[in-house]
Enquirer: 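Okay, here's the structure, questions in a sec.
Any value given below was found using the heavy atoms of this structure, including those in side chains, with hydrogens, waters and symmetry copies removed. Worth saying up front: this structure is predicted, and the values here are computed from it rather than measured.
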Amino acid sequence: MTLSSSTSAIPTFVPPVEGEYAFALTVDNGRLQSPPDEVDLLVGASNSPPRAEIGVSPEPVGGAFVAGRQTVVLDASRSSDPDPLDIRSLNYRWRQTAGPSVALLDPASAFSIRFVPTSAGRLKFELIVTDPAGASSPPAAIDLLVRRPETGAPALSLQASASTTDARGDGLGEAASTKALRSLRVRIPTRVTLKALVTDPDVGRPPIKAKLTFVWRQVGGPAVRLDSPVLDQTEDLVSTASFEPTTSRVHTFECAVAKLDETGGPTGVEVSQRIRVVVDTAQNGVPEAAFTVQVRSSGGVLSKALFSASAQEPGLAEVPPGSTVAMDGRASADRGPNAVGNLRFRWTQLAGPGVLLSNPFSAVTTFVTPDLRGEGQSRDLRFQLVVVDDSQASEPVLGVVRVVPEVEATDTLALRKGTSLVSLPIDPSTTGAPYSAFEVVNSLLGRPGSGYVVRVAPGLDGAGRFEVYHPGLGRSPFPVVGNQGYLVFRPEAPATRNLRGRPWTQASRQRSLARGLNLVGFPAGVPANYDASRLAQLTGASFVARIGLSGRFETYAPGLGANFTLERGTAYLLSVPAARVVSLPAQR
């Protein structure tokens with residue numbers, strides 16, 4: 001694989017094969033070279049890799065664990081895979097990457113690991129998850145602070161101010177659920193002051209008489225000269241550093257605070273935090289990213305939230321599983337006389353079950369929220385947007401889409417003796433695996449193994465073909481889904497079955513029809529007075545058939561046959577002239 005130009009700001013390439021590609025960028029001004037910035041790209045792989053996430057318990061008190069007194073548990077319970085069937089077969093690889101070495105009480109390949117930290121310091125661990133096909137997640141990392149029993153951990157907050165404005169910027173780790181973080185934005189010429197404030201009862205007081213060391217450093221943006229970047233072995237709880245910016249860009253700084261004992265020896269406790277300062281000039285302003293998250297349902301806008309650097313309150317969009325979400329970055333803007341009208345966009349998912357963005361480089365990108373099948377709690381998907389003008393990038397803007405599982409639902413399914421056309425009005429799966437024809441035969445049709453289930457699936461020529469499942473045939477059971485209808489046969493007397501589960505996802509309303517025969521169900525219920533003629537109009541079907549009260553097929557064709565009203569829990573057989581995708585209506 002060859003890049004169009006390895007020295008261009010925007011190289012291109014044509015991937016020769018599917019797979020994962022890794023790239024690194026360094027920038028050289030003729031005197032100094034930047035550290036590399038790396039990116040991994042997954043190209044056209046038929047199997048999407050899993051996403052690793054680390055959970056920790058118990059919650060650290062005051063931000064730190066106590067050496068020798070607590071068993072720490074790290075688990076992979078929130079890791080995910082786009083293929084629900086792979087969730088049960090993931091492989092795990094844990095590795096400690098920094099800090100005093102700990103003895104694991106579990107194998108490094110276990111779903112969760114336990115250890116008792118015995119020394120103070122910062123412990124870092126990494127988790128990589130691999131699916132059955134061998135695709136691995138990017139590493140997930142966690143940073144744990146461990147303190148001695150006799151000492152506490154300092155609480156750190158950062159502020160930024162400037163000589164030319166009354167505005168104030170906050171540190172990136174100072175977020176609270178009730179307010180949005182705000183970076184300081186200034187225009188040259190100005191002098192910026194960074195302030196670190198520590199709360200720690202051990203500093204300067206017996207019996208610990210602890211001391212602190214503050215170290216400021218720049219971690220991003222054009223280099224500036226920081227005044228007083230180090231305050232060593234002090235009992236002061238405040239440290240300041242200042243600079244005068246000379247170039248417009250996003251500048252990022254970090255303050256690390258180390259806690260020392262009375263003699264100035266290290267305690268192993270260190271906390272750090274970062275802060276951003278956005279610098280404009282009279283000629284050019286740093287672009288500002290902003291985006292809206294919107295979910296639409298058949299009844300209108302279901303959820304909407306705004307995320308921007310200037311927001312007074314943090315945004316949060318709550319959506320159900322299986323929803324199609326649109327993230328729209330057209331609220332972003334460029335500033336100053338050199339502003340450009342055509343910004344470039346970069347969307348990135350930072351956390352949560354992995355989703356597939358329709359286009360991570362367009363102003364508007366969409367994705368479908370994960371099903372969360374088998375999970376009883378909400379999951380947060382965290383996204384980041386950066387916009388780029390002709391010369392510089394905005395600071396990242398973060399947004400959260402919270403996927404809230406539907407509450408458990410109940411419904412009934414009426415079955416006649418002999419042949420019925422049915423669809424499942426709710427998703428009865430409670431195991432995390434798709435409900436299958438095996439469960440239908442063994443739990444819904446009477447005596448186990450006494451009935452059979454038929455679906456219509458595309459054949460090798462693309463036309464719909466009947467496919468039968470019966471335990472005695474030796475075939476694997478096919479999954480049962482909400483937008484598919486099924487022909488079932490039971491020799492028992494008519495009965496009504498109670499179903500318990502969850503509503504089908506909104507995504508299941510999208511139905512791919514094969515050429516020729518299809519069996520269709522309505523996963524979100526049937527709208528009032530919706531009839532066979534409207535279904536034929538929606539699908540282009542030459543006929544729509546049901547099984548009537550007499551147990552025989554009744555057929556409606558446009559201009560022929562009696563029209564009939566469609567019912568919840570019933571399936572309909574129809575024939576279409578060509579394959580197509582339709583959006584099935586929902587009950588209001």
Enquirer: Can you name the residues that form a side chain to side chain contact (heavy atoms under 4.5 Å, CB included) with Val481, not counting sequence neighbours?
Expert: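 Residues passing side chain to side chain contact (heavy atoms under 4.5 Å, CB included) with Val481: Asn483, Gln484, Tyr486.
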Enquirer: Locate the shortest heavy-atom distance separating Ser80 from Pro353; write the atom from each residue and the value.
Expert: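 Of all heavy-atom pairs spanning Ser80 and Pro353, the closest is OG-CA, 3.0 Å.
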Enquirer: Could you give the distance from CZ (Arg500) to OG1 (Thr410), rounded to the nearest 0.5 Å?
Expert: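 Arg500 atom CZ to Thr410 atom OG1 measures 6.5 Å (nearest 0.5 Å).
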Enquirer: Tell me, do Val295 and Thr324 make a side-chain contact under 4.5 Å, heavy atoms counted?
Expert: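 No - every pair of side-chain heavy atoms lies 4.5 Å or more apart.
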Enquirer: Answer yes or no: is there a side-chain heavy-atom contact under 4.5 Å between Ser436 and Pro479?
Expert: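 No, every pair of side-chain atoms sits at 4.5 Å or beyond.
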Enquirer: Do you know the tightest heavy-atom contact between Pro50 and Asp81?
Expert: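 Smallest heavy-atom distance, with atoms named: CB-OD2, 3.4 Å.
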Enquirer: Please indicate whether Phe438 has more than 12 foreign heavy atoms, meaning atoms of other residues, nucleotides or ligands, lying under 6.0 Å from its CZ.
Expert: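 Counting other residues, nucleotides and ligands, CZ of Phe438 stays at 12 neighbours or fewer.
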Enquirer: Taking atom types as modelled, find out whether Glu53 and Ser79 have a side-chain donor-acceptor pair closer than 3.5 angstrom.
Expert: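 No, because no side-chain N or O of Glu53 sits under 3.5 Å from a partner of the opposite role on Ser79.
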Enquirer: State the CD-CG distance between Glu126 and Leu74, to the nearest 0.5 angstrom.
Expert: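 Result: 12.5 Å between the selected atoms.
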Enquirer: Can you name the side-chain hydrogen bond (donor to acceptor under 3.5 Å, both in side chains) partners of Glu467, sequence neighbours left out?
Expert: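 Result, side-chain hydrogen bond (donor to acceptor under 3.5 Å, both in side chains) vs Glu467: Arg455.
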Enquirer: For the aromatic rings, using the six-membered ring if either is Trp, is the centroid distance between Phe13 and Phe23 under 6.0 Å?
Expert: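 Ring centres of Phe23 and Phe13 closer than 6.0 Å.
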Enquirer: Taking C-beta and beyond as the side chain, do Glu492 and Lys417 meet within less than 4.5 Å on heavy atoms?
Expert: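 Result no, sub-4.5 Å side-chain heavy-atom pair not found.
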Enquirer: Can Asp411 and Arg568 be counted as an ion pair, charged N to O under 4.0 angstrom?
Expert: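 Result for this pair is yes, salt bridge flagged.
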Enquirer: Minimum heavy-atom separation for Ile54 to Ala140, with atom names?
Expert: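 So the two residues come closest at CD1-O, 3.5 Å.
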Enquirer: Is there a side-chain contact between Leu385 and Ser332 (heavy atoms, below 4.5 Å)?
Expert: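 Result yes, sub-4.5 Å side-chain heavy-atom pair found.
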Enquirer: Just how far is it from atom CG of Asn342 to atom CG of Asp389, taken to the nearest 0.5 Å?
Expert: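 Output value for this atom pair is 11.0 Å.
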Enquirer: Flag the pair Val403 / Pro370 as yes when at least one side-chain heavy-atom distance between them is below 4.5 Å, and no otherwise.
Expert: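 Yes, their side chains come closer than 4.5 Å.
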Enquirer: Are any side-chain N or O atoms of Ser362 and backbone N or O atoms of Asn359, one a donor and one an acceptor, separated by less than 3.5 Å?
Expert: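 Yes: the side chain of Ser362 pairs with the backbone of Asn359.
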Enquirer: Would you say that Val319 contacts Val401 through its side chain, given a criterion of any heavy-atom pair below 4.5 Å between the two side chains?
Expert: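 They are in side-chain contact.
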Enquirer: List the atom of Ala52, the atom of Ser137, and the distance in Å for their closest heavy-atom pair.
Expert: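 Closest pair (atom of Ala52, atom of Ser137, distance): CB-OG, 3.4 Å.
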Enquirer: With rounding to the nearest 0.5 angstrom, report the CG to CH2 distance, Leu584 to Trp504.
Expert: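 Between atom CG of Leu584 and atom CH2 of Trp504 there are 13.0 Å.
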Enquirer: Got a donor-acceptor contact below 3.5 angstrom from the Arg346 side chain to the Gln384 backbone?
Expert: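 No; zero donor-acceptor contacts below 3.5 Å.
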Enquirer: Got a second to check how far Arg546's CZ is from Phe553's CZ, nearest 0.5 Å?
Expert: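 Arg546 CZ to Phe553 CZ: 12.0 Å, rounded to 0.5 Å.
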Enquirer: Please determine whether the number of non-hydrogen atoms from other residues, nucleotides or ligands lying under 6.0 Å from atom CG of Leu549 exceeds 12.
Expert: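 No, not enclosed.
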Enquirer: List for me each residue that meets side-chain hydrogen bond (donor to acceptor under 3.5 Å, both in side chains) alongside Gln537, sequence neighbours excluded, and say none if there are none.
Expert: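 Counting only residues at least two positions away or on another chain, Gln537 forms no side-chain hydrogen bond (donor to acceptor under 3.5 Å, both in side chains).
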Enquirer: Hey, mind stepping through Thr496 and Thr412 against side-chain hydrogen bond (donor to acceptor under 3.5 Å, both in side chains) and telling me if it holds?
Expert: CA-CA 6 Å; Thr496 298; Thr412 58; over 6 Å; no
Enquirer: Closest heavy-atom contact between Leu381 and Thr369?
Expert: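 Scanning both residues completely, I find the closest heavy atoms to be CD1-CG2, 4.5 Å.
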Enquirer: Looking at every non-hydrogen atom in both residues, tell me the closest pair between Ala363 and Arg330 and how far apart they are.
Expert: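 Smallest interatomic distance, heavy atoms only, reads CB-CG, 3.8 Å.
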Enquirer: Under the rule for side-chain hydrogen bond (donor to acceptor under 3.5 Å, both in side chains), what residues qualify as partners of Asp334, not counting sequence neighbours?
Expert: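 Once residues adjacent in sequence are excluded, Asp334 has no partner under the side-chain hydrogen bond (donor to acceptor under 3.5 Å, both in side chains) criterion.
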Enquirer: Could you measure the distance from the CG atom of Leu3 to the OG atom of Ser8? Nearest 0.5 Å is fine.
Expert: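 So the CG of Leu3 and the OG of Ser8 are separated by 9.5 Å.
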Enquirer: Within the structure provided, determine whether Thr555 and Val544 are in side-chain contact (heavy-atom separation under 4.5 Å).
Expert: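 Contact flag for Thr555/Val544 side chains = no.
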Enquirer: Which class fits the ring pair Tyr92 and Phe111: parallel under 30°, tilted 30 to 60°, perpendicular over 60°?
Expert: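 Rings of Tyr92 and Phe111: perpendicular, over 60°.
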Enquirer: So does Phe478 get a backbone contact from the side chain of Arg475, meaning a donor-acceptor N/O pair under 3.5 Å?
Expert: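 Side chain of Arg475 to backbone of Phe478: no pair is present.
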Enquirer: Taking atom types as modelled and ignoring hydrogens, do the side chains of Ser183 and Glu395 form a donor-acceptor contact shorter than 3.5 angstrom?
Expert: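 There is such a pair between these side chains.
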Enquirer: What residues, two or more places apart in sequence or in another chain, satisfy ring pair (Phe, Tyr, Trp, His ring centres under 6.0 Å) together with Trp94?
Expert: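 Partners of Trp94 by the ring pair (Phe, Tyr, Trp, His ring centres under 6.0 Å) criterion come out as none, since no residue qualifies.
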Enquirer: Would you say the side chain of Thr565 lies within less than 4.5 Å of the side chain of Tyr530, judging by non-hydrogen atoms?
Expert: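 A side-chain contact is absent here, since even the closest heavy-atom pair is not under 4.5 Å.
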Enquirer: Using the side chain to side chain contact (heavy atoms under 4.5 Å, CB included) definition, which of the options Leu535, Leu421, Asn518, Ile547 pairs with Tyr572?
Expert: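 Answer after filtering Leu535, Leu421, Asn518, Ile547: Leu535.
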Enquirer: Just to verify, what does Asp531 make a side-chain hydrogen bond (donor to acceptor under 3.5 Å, both in side chains) with, not counting sequence neighbours?
Expert: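 Here the qualifying residues are Ser533, Asn563.
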Enquirer: Less than 6.0 angstrom separating the ring centers of Phe291 and Trp347, yes or no?
Expert: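 Yes: the rings meet the under 6.0 Å criterion.
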Enquirer: Which is it for Val488 and Tyr452 under the side-chain contact (heavy atoms from CB on, under 4.5 Å) test, yes or no, and what are the steps along the way?
Expert: CA-CA 6 Å; Val488 299; Tyr452 60 81; over 6 Å; no
Enquirer: Under a plain distance cut-off of 3.5 Å, with no hydrogens placed, do Ser4 and Thr12 share a side-chain donor-acceptor pair?
Expert: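 Ser4 and Thr12 do have a side-chain donor-acceptor pair below 3.5 Å.
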